[in-house]
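Note sheet for the following structure.
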Amino acid sequence: MKNILITGATRGLGLAILRRLLKQPEYRLICVGRTETEEFAALRAEDEQRMVFYPFDLEDLDAIPAFVSGITREHGALFALVNNAGIGLDGVLATQHASQIDKVLRVNLQAAILLTKYACRSMLTCNEGRIVNVSSIIASTGFNGLAVYAASKAGLEGFTRSLSRELGRAKITVNCIAPGYMETDMTAGLQGGKLDSIRRRAPLGLPCPDDVAGAVAYLLSDEAAMMSGSVMTIDGGSTA
């Protein structure tokens, strides 16, 4: 059974990724989040043999080496890592507190780099693996009030490209997915004509989390064995 480590697995896009990957009987899904949600617990109850949960706060960078080591000792080598966890703290940079800047960079960028560092070691011993980093179209388009978030995601994309060159000889692919605005409870709460304006910019309509989850499943598959160092944009065509 192939071990897939997924961060930010208990809500939103993470849950959609889990639902999609559960269709693949060869995967064991090792799920990471700060706490279990009701939705996640219900999903895990459907297949407890193939879904395991580890509570972990990605802000605790110093604990990451032992955390990954413990997982590989218990379950064996990792086949894939999906760095999905991320936070976005809205705020104008000039008045944003240094602790907020630090938190976004820790969770979105530093934690992903460190998780990848220790997760790829078992992939190197097996001479195969998949790493998928979840970015955002904001890394390239920018957005008012999300400068630090944009910086963290742009860093993740640069990390993806360079690491794909380091790990390619070991048959480990490293790719990035950049979702746009998605049809979720969060976007449904946008006030006034904001959501309509966002929808008008996407000729195909806004994607939903399942659309992005399908792209993750593809990048983990044999069909994507020759794809590495790429950023897949899934935004309904809004940045075309």
Contacts under 3.5 angstrom, residues 203-212 side chains, donor-acceptor by atom type, not counting sequence neighbours:
{"residue": "D211", "atom": "OD2", "partner": "C208", "partner atom": "N", "Å": "2.8"}

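- Formation of a donor-acceptor pair under 3.5 Å by the Q96 side chain with backbone atoms of L89 is found in this model.
- At least one side-chain heavy atom of L43 sits under 4.5 Å from a side-chain heavy atom of L22.
- Side-chain contact between L163 and T116: present, with at least one pair of heavy atoms (C-beta onward) separated by less than 4.5 Å.
- Cluster annotation: F159 and V216 are assigned to distinct hydrophobic clusters (Ile/Leu/Val/Met/Phe/Trp/Tyr, side-chain heavy-atom contacts under 4.5 Å, transitive).
- Evaluation of the ring pair (Phe, Tyr, Trp, His ring centres under 6.0 Å) rule for Y118 yields no partner, not counting sequence neighbours.
- Not counting sequence neighbours, the partners of S69 by the side chain to side chain donor-acceptor pair (under 3.5 Å) test are R73.
- Tested against V52 for a side chain to side chain contact (heavy atoms under 4.5 Å, CB included), the candidates I71, L29, I30 yield a single pass: I30.
- Inter-residue side-chain proximity for M232 and M227 is flagged as met; some heavy-atom pair is nearer than 4.5 Å.
- Every pair passing ring pair (Phe, Tyr, Trp, His ring centres under 6.0 Å) that includes a residue from residues 18-40 is listed here, sequence neighbours excluded: F40-F53.
- Looking at residues two or more places apart in sequence or on another chain, you find a side chain to side chain donor-acceptor pair (under 3.5 Å) between N3 and R28.
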Result block: side-chain N/O donor-acceptor pairs under 3.5 angstrom for residues 119-128, not counting sequence neighbours:
{"residue": "S122", "atom": "OG", "partner": "L78", "partner atom": "N", "Å": "3.0"}
{"residue": "S122", "atom": "OG", "partner": "A119", "partner atom": "O", "Å": "3.3"}
{"residue": "T125", "atom": "OG1", "partner": "S122", "partner atom": "O", "Å": "2.6"}

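- Interatomic distance, CD1 of I113 versus CG of N83, reported as 9.5 Å (0.5 Å rounding).
- Contact of the T10 side chain with the L15 side chain is not registered, since no non-hydrogen atoms from C-beta on lie closer than 4.5 Å.
- Heavy atoms from other residues, nucleotides or ligands lying under 6.0 Å from NZ of K2 number more than 12.
- Here the side chain of N84 pairs a donor or acceptor atom with the backbone of T7 at under 3.5 angstrom.
- I4 and I172 fall into different hydrophobic clusters, where Ile, Leu, Val, Met, Phe, Trp and Tyr residues are linked whenever their side-chain heavy atoms come under 4.5 Å apart, directly or through other members.
- When all heavy atoms of A154 and A139 are compared, the closest pair comes out as N-CB, 3.6 Å.
- Here the side chain of R130 pairs a donor or acceptor atom with the backbone of S221 at under 3.5 angstrom.
- A salt bridge (charged side-chain N to carboxylate O under 4.0 Å, His left out) check over residues 81-105, counting only residues at least two apart or in different chains, returns the pairs E59-K103, D102-R106.
- Going from atom CD1 of I17 over to atom SG of C31 covers 10.5 Å, rounded to the nearest 0.5 Å.
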Any chance you could lay out the side-chain contact (heavy atoms from CB on, under 4.5 Å) test for R161 and V231, step after step, and finish with the verdict?
-> CA-CA 9 Å; R161 294 186 183 96; V231 179; 3.7 Å; yes
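- Both F67 and L109 are members of a single hydrophobic cluster when ILVMFWY side chains are connected at heavy-atom separations under 4.5 Å.
- A single hydrophobic cluster is not seen to contain both V132 and L81; linkage of ILVMFWY side chains at heavy-atom distances under 4.5 Å, directly or through other members, places them apart.
- Within 6.0 Å of atom CZ in R19, more than 12 heavy atoms from other residues, nucleotides or ligands are found, so the atom counts as buried in its surroundings.
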Please report the C-alpha distance between V32 and L115 in whole Å, then the side-chain angles of each, then the deciding distance to 0.1 Å, and finally whether the side-chain contact (heavy atoms from CB on, under 4.5 Å) criterion is met.
-> CA-CA 11 Å; V32 180; L115 281 166; over 6 Å; no
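- Judged purely by atom type and a 3.5 angstrom limit, N133 has no side-chain atom pairing as donor or acceptor with the backbone of E157.
- Listed by first and then second residue, the side-chain hydrogen bond (donor to acceptor under 3.5 Å, both in side chains) pairs involving residues 144-155 are N108-S152 (not counting sequence neighbours).
- Side-chain contact check for I6 versus L21: some heavy-atom pair is nearer than 4.5 Å.
- By the criterion of side-chain heavy atoms lying less than 4.5 angstrom apart, applied directly or through intervening Ile, Leu, Val, Met, Phe, Trp or Tyr residues, F143 is not grouped with I101; the two fall into different hydrophobic clusters.
- For residues 29-38, the salt bridge (charged side-chain N to carboxylate O under 4.0 Å, His left out) pairs, not counting sequence neighbours, are E36-R44.
- In this view, F79 satisfies the ring pair (Phe, Tyr, Trp, His ring centres under 6.0 Å) rule with no residue, not counting sequence neighbours.
- Here the OG atom belonging to S228 is positioned 8.0 Å from the CG atom belonging to L167, to the nearest 0.5 angstrom.
- Note that the OG1 atom of T35 and the CZ atom of F56 stand 14.5 Å from one another [nearest 0.5 Å].
- A donor-acceptor distance shorter than 3.5 angstrom exists from the side chain of T72 to the backbone of V68, with no hydrogens or angles considered.
- Between I131 and N175, the closest side-chain pair of non-hydrogen atoms is not below 4.5 Å.
- Scored by the side chain to side chain donor-acceptor pair (under 3.5 Å) test, T37 finds no partners at all (sequence neighbours excluded).
- When the side chain to side chain donor-acceptor pair (under 3.5 Å) test is applied to T239, the partners found at least two apart in sequence or on another chain are D235.
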Could you give me the CA-CA distance, side-chain angles and deciding distance for L5 and V82, then say whether side-chain contact (heavy atoms from CB on, under 4.5 Å) is met?
-> CA-CA 6 Å; L5 178 60; V82 181; over 6 Å; no
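- With rounding to the nearest 0.5 Å, the separation of CD1 in I137 from CD1 in I177 is 14.0 Å.
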